[in-house]
Each structure stands twice: as structure tokens, then as C-alpha cells.
Amino acid sequence: MPELPEVETYRRSIEFHLLGETLLDIRVYNPSLRWPFALEIYNLKNQMLLKVKRRGKYLLLAFSKGWIIIHLGMSGNLRISNQSFPKDKHDHVELIMTNSKILRYNDQRRFGAWLWCIDINKTPLLDSLGPEPLSNNFNGNYLFKISRRKYTPIKPWLMDSKIVAGIGNIYANECLFMSRIDPNRLIDNLNLVETIKLADSIKDILLSAIEKHGTTLQNFLQTDGMPGNFNNSLQVYKRDGKPCYICQQPIKREKQRQRSTYWCTNCQI
DNA sequence: CCCGAGGCCTGCGGGC
DNA sequence: TGCCCGCAGGCCTCGG
């Protein structure tokens, strides 16, 4: 579910509320997530939260003995609340902190993960990730270079975390609309002007979605329970059959690799 | 090596 | 009302 902007929204909120607090207790109601809840996390008891980082869609919490790696899968949610807040049946993990606040992990489908590592620079899950889309080493030249002599369609390629980290189905669709590129185009076929336009669109869209605290479709809520505000900015995602905001032609939907792709057949070429 | 389908889960909405 | 099907912000694993 949550893509880079939603995870970044969580990162900022956790940093604001919980950085420097000590982890008093860990409660696990259901350890059977995508992989079993990492038992090493119990060793972090009585340690201070030192850093809150993000890599792609992974949230990284640093303690002196190591890191908690959180991935939210499709339906994972984080909330920061007081003890009095009633528990939901899909609440699976709670971190109880010294300022009497609880970080609570809720995940209806349990595709998410709570893992552990000593060194985030030496962990297989993160090693294989491509560049951060908002960093300087992600740009149109990079996209141009790695797309030569490859013949996969651009849209599923953008969702491959080895190419660029953090882009999922919503933002892949939106970025291609902004750069006016047909999602079915084969990547080798894009010229440098187009890959530059695409990289710039990716940065634009992600930054603006972060500013609006993400997109709420079904499950995503901010740590205070408020929805994200990027929904009104969506140009194509979930708009099949509705008129394109530029040319009024109906937005088309088709599956690519089992995922819905939305685009304007008139504007995107 | 590369690619795509399958599968992990739960819940919702639409058609009959 | 109920059942069945398709659909949903992801991504690892495995087969060809």
C-alpha cells in the first residue's frame, strides 16, 4: 500500500514524536507477518531511539544495538497514540515508549514485515535497492543509461525497486501522466529528453505527495488518524472512464503484469 | 542472467 | 439475503 510519500509521512511523524525516547516494552499480538516478527527486536528494550530513517518504502529505526526494519506491505498502518486507545483486531505490534506514547502497527493483510539488522549498509533487503528518487544520483541521465537495450514496458519497470526505490502503482501511473509518456512504451525507445522529463516528474509528484501527507485510498492514515491529502491531485489513478483533465478523453485502464495501469491514450504518447 | 505468474492475506463492492 | 468473483498503495520465489 504505502509508497514512498506515505512512508516518508510516517518517518517524519515518528521522528517528531518519538526520537530520543526510550523503548520500554514491545508487545506482539500476531507475529505471523510476511516473515515472522524478528525476535531480536526484543533485545532493543530499554534503549533509546536514536535515528528514524527511510530507504525506499522501508522505515528504519536505529537503536544502539541495531535497527528495526519496518515494511508496510499493502495495508500496513502506523499510529501513535496513548494507552487508552482501543485495540483493533488487526493491530499486531506495539512499541511502548517513555513519553507514554505507543507506536502501533496495524496491518489487515499482513503483507508487511518487522525485521532487524545490525548494519543497514549490510543487509540483503536494502542492498538490492536502486537509488532514492529524490536524491541527486537519480536523474534523467541515469534513467537513460540503464534503459538502453532493454525492451520492457516503462510502467512496470518504474515499479521495480532495483531501478528506483519507492515508486508503486499510484505514483508510477501519475508520473507517466505528468511526463506524457504512454505506459506501454518500451524503455529502450525513450530518448534522453523523455527520461529527463520523466525523472523530473517523479521528483515533482513525490515531493508534492509528501507535502500533502500522502494518498489515502483504503487503509493509509497518518499517525494521528488523519487521511492523506494527495487524493484530489490524482490525475489518472482510479479514474478509468472519467474524462482526462487535459483533453476530456476517457481515462483507460488495462492490466500490466497483474497491476492496473491508468492512462490517457490521447495525451500520453 | 531475465521475465512473468503465483502466492501470501483480509475485506469490500458488484452481479446474479 | 448470500455467494462468487474481481479487485486492492508490495514483493519474494520459482518456473521457463
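Order of the sequence lines fixes the chain letters, A, B, ..., with proteins taken first and strands second; residue numbering starts at 1 for each chain.
- Across the protein-nucleic acid pair, A:N30 atom CG and B:dC8 atom C1' stand 14 Å apart, rounded to whole Å.
- The nucleotide whose nearest atom lies closest to any side-chain atom of A:N169 is, among C:dG10, B:dA5, C:dC7, C:dG10.
- Atom C1' of nucleotide C:dG10 and atom CZ of A:F220 are separated by 16 Å, given to the nearest angstrom.
- C:dA8 atom C1' lies 14 Å from atom CG of A:N77, rounded to whole Å.
- Distance from the side chain of A:F111 is smallest to B:dC9 among C:dA8, B:dT10, B:dC9.
- Between B:dT10 and A:S75, no contact under 4.0 Å exists linking OP1 or OP2 to a side-chain N or O.
- Judged by Watson-Crick or G-U wobble contacts below 3.5 Å, the nucleotide B:dC1 has no partner.
- For A:Y42, the OH atom is densely surrounded, since the number of other residues' heavy atoms within 6.0 Å is greater than 12.
- Between C:dG10 and A:H71, no contact under 4.0 Å exists linking OP1 or OP2 to a side-chain N or O.
- Closest to the side chain of A:Y58, out of C:dA8, B:dG11, C:dC12, is C:dC12.
- Only the P atoms considered, C:dT13 is 15 Å distant from B:dC9, to the nearest whole Å.
- Relative to the side chain of A:R109, the nucleotides B:dC3, B:dC9, C:dG10 differ in distance, and B:dC9 lies closest.
- Between the side chain of A:Q218 and the backbone N or O of A:T216 there is no donor-acceptor pair closer than 3.5 Å.
- Salt-bridge formation is detected for the pair A:R185/A:E194: a Lys NZ or Arg NE/NH1/NH2 atom is positioned less than 4.0 Å from an Asp or Glu carboxylate oxygen.
- C:dA8 atom C1' lies 13 Å from atom CG of A:D107, rounded to whole Å.
- At C:dA8, one or more side-chain N or O atoms of A:K255 fall inside 4.0 Å of OP1 or OP2 (strictly under the cut-off).
- For the pair A:D160 CG and B:dC3 C1', the computed distance is 11 Å after rounding to whole Å.
- If you check B:dC9 for Watson-Crick or wobble pairing at under 3.5 angstrom, you find it has no partner at all.
- Going from the P atom of B:dA5 to that of C:dG6 covers 16 Å, rounded to whole Å.
- Atom C1' of nucleotide C:dG10 and atom CG of A:L72 are separated by 10 Å, given to the nearest angstrom.
- The listed nucleotides are C:dC12, C:dG10, B:dG4; the one nearest the side chain of A:R257 is B:dG4.
- The residues A:E132 and A:R55 are annotated as salt-bridged, a charged nitrogen and a carboxylate oxygen being separated by less than 4.0 angstrom.
- When the C1' atom of C:dG10 is taken as reference, atom CG of A:N219 falls 13 Å away, rounded to whole Å.
- In terms of phosphate contacts, A:K89 brings a side-chain nitrogen or oxygen within less than 4.0 Å of OP1 or OP2 of B:dG11.
- Distances from the side chain of A:S260 to the nucleotides B:dG11, C:dA8, C:dG10 place C:dA8 closest.
- Closest approach to the A:L125 side chain among B:dG6, C:dA8, C:dC12 is made by C:dC12 (side chain taken as heavy atoms from C-beta onward).
- Applying the 4.0 Å criterion to OP1 and OP2 of B:dG11, one finds that A:H90 has a side-chain N or O inside that range.
- Under the 30°/60° scheme for interplanar angles, the aromatic rings of A:F230 and A:Y171 are found to be tilted.
- When hydrophobic clusters are built by joining Ile, Leu, Val, Met, Phe, Trp and Tyr residues whose side-chain heavy atoms come closer than 4.5 Å, directly or via intermediates, A:L129 is not grouped with A:L61.
- A:K57 has a side-chain polar atom (N or O) that falls below the 4.0 Å cut-off from OP1 or OP2 of C:dC11.
- Put simply, the side chain of A:R110 and the base of B:dC9 share no donor and acceptor less than 3.5 Å apart.
- Among the atoms of the strands shown, none is found under 4.0 Å from any heavy atom of A:W157.
- Looking at A:K45 and A:D25, a side-chain N of the basic residue comes within less than 4.0 Å of a carboxylate O on the acidic one, giving a salt bridge.
- A sub-4.0 Å separation between OP1 or OP2 of C:dA8 and a side-chain N or O of A:Y237 is absent.
- Between A:Y151 atom OH and B:dC3 atom C1' the separation is 16 Å, expressed in whole Å.
- When each of A:Q108 and A:R34 is assigned the nucleotide of DNA chain B bearing its nearest heavy atom, the one mapping closer to the 5' terminus is A:R34.
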